[in-house]
Amino acid sequence: MSNTPTGTPMAAGPLTRAVLEIDEYVAGLGWDQPARLFALVDSAALRTQEPGLAERLGLSDDAADGALTPIEQEELPAGTPLDEFLGTIAWPDAVVGCALTVERLMLPPSAEASVPEDLDEERLAKWVAEHPERQEVRMTVAVLRDGRRESALRLREKDTATEVLTGSDLVPGLAEALSATFAE
């Protein structure tokens, strides 16, 4: 991954730049990808403490102050619910934040009123997957130890970097789950 993703505004803060870098990286892999977990480390500290790794990652010496470097972690275990897996994570002190990308199906708010009641999780997922207004979305959510958060949403039908929506509270439940990985 590069330090400045294509199309990322230089005025964006380090966390937004990291989220967009991860979004761009995963977008390059195509759709129908598994969830991916990333550690976020301070780029300057990484260059000082692990110069060989920094060089392999292509980190330049002129990175902006506070720049974050995403480092992809091992593949998430298949068959383990995401919330259970996140509950097992303990990050070392060098990790200042983390990010996760997941693909999901979503419905527009207008369709939510028509969701049948009393569906278990499996039947609800099947109902959403068959709904004519469903949309595939890739969510990239990042949090820092200090509580800051950022998200990027990319719809499959609008799969271009210029159509990525960013905001700090787009996926609050996932941001809370990621923040909990830093709880002491």
Checklist line | 4.5 Å side-chain heavy-atom contact, I89 and Q73 | finding: no

Note to self: If you define the side chain from C-beta out and look only at heavy atoms, does anything of E150 sit under 4.5 Å from L20?
What the structure shows: no

How long is the gap from [atom1] on [X] to [atom2] on [Y], to the nearest 0.5 Å?
X    : Y    : atom1 : atom2 : result
L178 : L144 : CG    : CG    : 11.0 Å
R145 : W91  : CZ    : CH2   : 9.5 Å
R47  : T69  : CZ    : OG1   : 7.5 Å
C98  : I71  : SG    : CD1   : 13.0 Å
T80  : L86  : OG1   : CG    : 11.0 Å
D83  : E176 : CG    : CD    : 14.0 Å

Check: Does anything in residues 131-154 pair up under ring pair (Phe, Tyr, Trp, His ring centres under 6.0 Å), and if so which pairs, sequence neighbours excluded?
Finding: W127-H131

Let me check something: any side-chain donor-acceptor pairs from residues 136-143 under 3.5 Å, sequence neighbours excluded? List them with distances.
{"from": "E136", "atom 1": "OE1", "to": "R156", "atom 2": "NH1", "distance (Å)": "2.8"}
{"from": "E136", "atom 1": "OE2", "to": "R156", "atom 2": "NH1", "distance (Å)": "3.4"}
{"from": "R138", "atom 1": "NH2", "to": "G30", "atom 2": "O", "distance (Å)": "3.1"}

Looking at every non-hydrogen atom in both residues, tell me the closest pair between [X] and [Y] and how far apart they are.
X    : Y    : result
A152 : D23  : CB-CB, 4.4 Å
F38  : T101 : CE1-CG2, 4.3 Å
V41  : V95  : CG1-CA, 4.2 Å
E103 : D32  : OE1-N, 2.9 Å
S151 : V19  : C-CG1, 3.8 Å
I22  : A99  : CD1-CB, 3.5 Å

Notebook entry, point to check: More than 12 non-hydrogen atoms from neighbouring residues, nucleotides or ligands closer than 6.0 Å to CZ on R148, yes or no?
Noted result: no

Check: In this structure, are over 12 heavy atoms from other groups packed under 6.0 Å from E130 atom CD?
Finding: yes

Next item on the list: Examine distances only and state if a side-chain atom of S43 and a backbone atom of A67 form a donor-acceptor pair shorter than 3.5 Å.
Entry: yes

Name the atoms and distances for all side-chain donor-acceptor pairs under 3.5 Å in residues 159-175, with sequence neighbours left out.
{"from": "D159", "atom 1": "OD1", "to": "R154", "atom 2": "NH1", "distance (Å)": "2.9"}
{"from": "D159", "atom 1": "OD2", "to": "W31", "atom 2": "NE1", "distance (Å)": "2.7"}
{"from": "T160", "atom 1": "OG1", "to": "T162", "atom 2": "OG1", "distance (Å)": "3.2"}

